[in-house]
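Working notes for the structure below.
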Amino acid sequence: MKVSHIKDIDKFFEVVDSCKGKVELVTGEGDRLNLKSKLSQYVSLANIFSGGEIPELEIVAYEKEDIDKLLGFMING
């Protein structure tokens with residue numbers, strides 16, 4: 001799923017941490033970072049903010065329940 005305009009990054013990572021399965025960020029080069037890893041979260045934040053703006057992100061979740069959580073966050077904030 002593609003996401004953009006994440007305003008509350010702390011809440012976003014809380015939702016990611018609450019997911020049961022794997023949640024990955026797909027980089028522009030096609031690499032996949034495990035967003036449940038704190039190190040990957042810091043690396044992804046550094047990459048997101050290095051250009052001064054938040055680009056559209058591609059997130060991959062493998063469990064339907066996790067997809068629903070992430071969609072709920074994107075819709076309701």
Side-chain angles (χ1 to χ4, degrees):
M1 88 182 65
K2 299 221 183 227
V3 296
S4 60
H5 306 292
I6 297 173
K7 295 183 173 136
D8 188 347
I9 196 75
D10 291 328
K11 179 67 174 168
F12 172 71
F13 283 126
E14 281 179 28
V15 172
V16 169
D17 289 340
S18 74
C19 290
K20 294 187 189 228
K22 199 169 18 170
V23 180
E24 298 172 329
L25 168 69
V26 181
T27 68
E29 295 81 28
D31 297 323
R32 292 181 179 227
L33 299 176
N34 175 6
L35 282 182
K36 294 187 80 174
S37 157
K38 292 299 176 192
L39 178 59
S40 291
Q41 288 179 3
Y42 292 128
V43 168
S44 63
L45 280 176
N47 288 334
I48 288 168
F49 290 111
S50 65
E53 63 183 59
I54 299 175
E56 182 178 77
L57 304 173
E58 184 175 352
I59 305 291
V60 177
Y62 295 90
E63 304 292 328
K64 181 180 180 344
E65 178 182 330
D66 296 341
I67 294 168
D68 293 343
K69 279 184 189 181
L70 291 164
L71 285 174
F73 170 78
M74 297 313 298
I75 293 168
N76 300 319

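Hydrogens, waters and symmetry mates play no part in the numbers below; they use all other heavy atoms, side chains included.
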So, for Y62 and E24, which heavy atoms are closest and what is the spacing to 0.1 Å? OH-OE1, 2.7 Å

Has S40 got a side-chain atom pairing as donor or acceptor with L33's backbone, closer than 3.5 angstrom? no

Within-4.5 Å side-chain heavy-atom neighbours: F12 and L57: no

So which heavy atom on D66 is nearest to which on A61, and how close? CB-CB, 4.2 Å

Residue pair V26, K2: steps toward the side chain to side chain contact (heavy atoms under 4.5 Å, CB included) verdict: CA-CA 10 Å; V26 181; K2 299 221 183 227; over 6 Å; no

Atom CG in L71, atom NZ in K64: separation rounded to 0.5 Å? 8.5 Å

Nearest-0.5 Å distance that lies between atom SG in C19 and atom CG in D68: 10.0 Å

Would you mind reporting whether D31 and L25 have side-chain heavy atoms less than 4.5 Å apart? no

Cluster membership besides I75, Ile/Leu/Val/Met/Phe/Trp/Tyr side chains within less than 4.5 angstrom, sorted by chain and number, is none

Heavy-atom closest contact (L35 atom, D17 atom, distance): O-OD1, 4.5 Å

Are any side-chain N or O atoms of K69 and backbone N or O atoms of S18, one a donor and one an acceptor, separated by less than 3.5 Å? yes

